[in-house]
Structure formats: C-alpha cells, structure tokens
Amino acid sequence: MDSKFKITLDKTLKTPLAEQIRLSIEHAIISGVLQENDRLPSWVDLASQLGVSRGTVKAAYEKLADGQFVIASRALGTRVSRSVISSIKHQESYPSSSFMQTYLEMTTRHGIFQSGIPDKHSFPAKVFAKIRAKSIRMESSGWPSYPDPRGEYELRREIAAYLALSRGIQCSPDQVFITSGFSGGLALSLLALNLHGKKAWIEDPCFPFSKHALNVAKIQTFPIPVDSEGFNIDFALQYHPDAAMALITPGQQAPLGMSLSLNRRLKLMEWAKQQHMWVIEDDYLGELQLDGRATPALFSLDHSGNVIHLGSFSKTLSPKLRIGFAVVPEHVIHQFEDITATLTPAPTPSLQHAIQEFMHEGHFLRHIRRTKRIYTTQRNELIQHLKPYRLGTQTAGLSILLQLPAHISDQKIAQDALAFGLAPAPLSTRYHQQDNAPSALILGIATAPIHHVSNACERLFNIIQHNMTT
C-alpha cells in the first residue's frame, strides 16, 4: 500500500470508526493514491495500527467489497479492484462538466457541515411513520382509481391555509399544485409557461441545479450579481432588459443568505408587470428564518399575476420525500392543469395524505418552531467555535460561510474533509465564473450538532492549515 496513504481516525466524531476507515480508503482509491491491485493491510495489521478492533476493520473492508472497491482472497489478500479503477477511468473520459457526476458528488457527500438537508434527529419520525402507515393502509383498501394529477385537494387546502399564515400568500387550493420537490415544480412551470428558447435572469452565485435545469430546458441564462440587497435588478435591466423570466431566491438568497430588499422587490414587480415577464420564486427555506420573522413571499406583493411561488418540504421534513408545491396566478391555472394531467402528475396520494394529516394535527408547526430553536442554538455555537481560527464568517440562511485565503482551493478543502466525516461545500462552485470566485466553505448548521462541533471545527482547521503550508 502507498506509503503516502494514512488513515486518521477521530473517535470523538459521530461517524462510526468503520465508516471513517471505509471513507478514507475509498477516497484514496478515487483520488489515485491507491492504484489497481495495491494490497491493503490485513484486518489484524490495520486494527493494530489504528488501535481498533479487528471487527471494525472487517466491517469497513466488507463495505468496500460490496461497493466493488476491493477484492478479497485468501491467496492474495485484500486488493484494490481492477473494475473500480476501470470505472473511474471511464468516468474521467467524459467531460468534467458532466452534470450527473456533479449532482451525485453534491448529494452523496454525507457528514458534519453538510448543507441542504435538515437535522434528522429533531424530526418526529415515529409520529410521521405512524401517520404514513395509516395513509398507506387507506390507499391500499380504497378503490383503485387514478388520483388527481394536481395533487390531493385536502393537502392543497392545508398548504394554502399554511401559506396565508407563514408567507403572507392569499390563494385558493385551486392555485396550489403538488409537485415532486422543487425540481418537479420548476419543470411544471417551465412547461406550463412555454418558456422554451426564452432568456432568463438567474442569480450569481446561485443553486447550480437550477441553472442547469434552465439550460436543459433550452433557456438562455444571464447571471445577475448579488449584493447586500440581494438580486441586482438595476444590473439586470441595464444589460439584459429583454429577459422573459427570472429565477430568484428572494426570501434567503442561496447561497449567500440575504433577503431581497423591499425597494428591489417593488422594482422587479413593476418591471414584470410592464414587460409581462415571469418571476419564479424559489422559496427553498420557507419560514425557516432564524432571526426574526421570515420576509413575506414575493408572491404576496404580486397584484398582476406574474409570480410563480415554488416551495418544498425538503428542508423542513426530508429530501427523501421528494415532495413540494407550486402556487400559480389564477389566470394560468388551466395551463398548469394541462401539464400535470399529461406530463408531471403529483406524487403518490398516500404520501400526500400523510403530510396533510401531519400538518392538520399541528405536528408540522410544532416541528418548525422546535427546529428553529435547535438551529439557532447550533448556529450560535458554531460561530463561537470558529472565532479562535480567525477566518471570516457570514451567516447565510441555514449555513455559515467560512472565508478562506484566496490562494486556497475551497474545492480541495471540501474533498479532503470527506475522509474525516466532514462535508462542507465549496462556495466557488456556485458562481458563474469559478476562476474568479471567492474561496469559502458552506458549513451547514442543521448537520452540526453541538456535541460534535468543537472537534469538527478543529479537524476542519487542521485540513485548512495543512493546505496552507503545502
């Protein structure tokens, strides 16, 4: 085995030791440190080196074998698999801009500081599981008819009532469409509004999946810079006044966290009215505003019917549910109905009924209030533990942006951190021009529990310091 390859375990982390070992070896194989046919130490030798039980090493090796990263035999020992190296080389033969590769890298990085997912421990899983089981039984025993492609009426009514209280949106259930998460709502909107081939404003930096979605839909995107007041509408009007739509995150800009100022909201609404322009509002965090009351949704200011409001339960419940909603102006309801009936029907009714009952019985609001308290405490604790390292920090929604020296690659830091059970995201990848983007890490608050944050910060800083000196 390559002498440069070292496994460092942190027994204070929540990540099991076997998983830390697996991640370290897997990362070494993917990065090329370990090559085809390289032999790994035996269970006994590696367990002795690391000070862990043989069973722990065995569990790690078995997972690596299941993933076809290694092959074990009595005669040759445990060696790096030829097939996985061939697979890696085959993937590398594709252009580096392959979106699926980027998607998988962003969504499969698990660990402390992972952003974009909620804290699973604060969610009342037993209550929700009980409600969902009941919904599945009801669905199985009912008449096998086709469900409403727009979504179950009871859930749409519940969401409409919730949005009136939490986001200032006054709408009828007929204006609400249940979607397969945010991406399903975006696809529905682009199809229903016939935006194929049009021009669009998009924030810079932005959520990379959103930008790619517009490109897939053959929509020409123009990156608009973001400043302390959010989306710079003046820049957009000066350089790209002929856009047919805008896709923005006015509540809490993703990934920088500021809210779109009232002045810019009004100017954007006036321009949309004059030019018959569509504004798609990605309300990805909803009312999960940790300081004060959440800013009202842009849809609540729209009196001309130019705003589509997209929300989801990914950050409040779980991204595994893959369910969201779109709120549309009354004059385009029929267009959206046609698309849902033929191309983008709502998810399974049993899941919808479970969420409806979860909301109706008050569990959802209690969960949101409790979650905000937990996240606020975790955010404050994280900021305190970052102070000694004298790197700039900025609160950004449910994340902390940790500024890095300009000569340090945030992408390399993020990659190196994975082997230690840490999963920060690089900020530079969210910019249109990555070469000139600031170097910073996005540290998720929801996945940074208080009892692990001190050791996690120390480990992260050691990785940063190592990169500064090499």
Side-chain angles (χ1 to χ4, degrees), residues 1-96 98 100-112 114 408-424 426 459-460 462-470:
M1 189 168 71
D2 196 310
S3 60
K4 296 180 181 179
F5 173 61
K6 303 292 183 184
I7 296 177
T8 303
L9 301 181
D10 188 342
K11 296 182 180 180
T12 64
L13 293 179
K14 191 172 184 180
T15 306
L17 296 178
E19 185 68 3
Q20 292 186 44
I21 295 170
R22 182 192 70 80
L23 288 170
S24 295
I25 296 175
E26 187 176 307
H27 175 59
I29 294 172
I30 293 173
S31 63
V33 174
L34 292 178
Q35 298 290 326
E36 175 186 333
N37 212 38
D38 279 352
R39 183 169 181 171
L40 275 65
S42 68
W43 301 345
V44 176
D45 289 344
L46 188 56
S48 177
Q49 292 174 28
L50 299 177
V52 299
S53 69
R54 281 179 282 180
T56 298
V57 178
K58 179 183 177 182
Y61 279 19
E62 286 176 344
K63 286 186 177 181
L64 288 166
D66 290 341
Q68 299 183 348
F69 282 89
V70 300
I71 296 176
S73 72
R74 295 194 176 199
L76 300 176
T78 303
R79 295 180 178 271
V80 176
S81 167
R82 174 181 299 178
S83 63
V84 75
I85 297 298
S86 300
S87 175
I88 292 170
K89 290 180 178 178
H90 179 67
Q91 291 176 17
E92 289 174 349
S93 68
Y94 287 97
S96 59
S98 170
M100 182 52 68
Q101 181 179 347
T102 302
Y103 179 90
L104 293 175
E105 286 178 356
M106 290 186 67
T107 56
T108 57
R109 291 181 171 183
H110 302 310
I112 295 175
Q114 183 180 0
I408 299 297
S409 169
D410 56 0
Q411 296 183 46
K412 186 176 186 304
I413 298 292
Q415 187 65 38
D416 290 348
L418 288 175
F420 301 97
L422 309 179
R459 176 67 66 191
L460 181 60
N462 288 338
I463 296 170
I464 295 171
Q465 193 173 45
H466 175 74
N467 278 267
M468 291 174 65
T469 56
T470 56

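Note: hydrogens, waters and symmetry copies are ignored here, and every other heavy atom, side chains too, is used. Note that the structure is a prediction, hence the values are computed from the model and not measured.
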Legend entry - Non-hydrogen atoms of Leu418 and Leu23 that approach each other most closely: O-CD1, 3.9 Å
Legend entry - Residue pair Leu17 / Val57, side-chain heavy-atom distance below 4.5 Å: no
Inset, instruction - Output yes when a side-chain donor or acceptor of Ser24 lies under 3.5 Å from a complementary backbone atom of Gln20, and no otherwise. - result: yes
Legend entry - CG-CG distance between Asn37 and Leu76, expressed to the nearest 0.5 angstrom: 7.5 Å
Legend entry - Interatomic distance, Ile7 atom CD1 to Gln49 atom CD [nearest 0.5 angstrom]: 8.0 Å
Legend entry - Heavy-atom side-chain proximity of Glu26 to Leu64 below 4.5 angstrom: yes
Legend entry - Closest non-hydrogen atom pair between Ala414 and Pro424, with its separation: CB-O, 3.5 Å
Legend entry - Trp43 to Arg54 - nearest heavy-atom pair and separation: O-CG, 4.1 Å
Legend entry - Spacing of Asp38 atom CG and Ile29 atom CD1 [to the nearest 0.5 Å]: 9.0 Å
Inset, instruction - May I ask you to say whether Glu19 pairs ionically with Lys63, meaning some side-chain N is under 4.0 Å from a carboxylate O? - result: yes
Inset, instruction - Any chance you could measure Leu460, atom CG, to Leu422, atom CG, to the nearest 0.5 Å? - result: 6.0 Å
Legend entry - Distance-minimising heavy-atom pair for Ala18 and Ala60: O-CB, 3.3 Å
Legend entry - Pairwise distance CD(Gln411) to CD(Gln415) - rounded to 0.5 angstrom: 9.5 Å
Inset, instruction - Give, for atom CD1 of Ile21 and atom NZ of Lys58, the distance between the pair rounded to the nearest 0.5 Å. - result: 14.0 Å
Inset, instruction - Check Ile25 against Tyr61 and note the closest heavy-atom contact, atom names and distance. - result: CD1-CE1, 3.8 Å
Legend entry - Non-hydrogen side-chain atoms of Asn462 and His466 separated by less than 4.5 Å: no
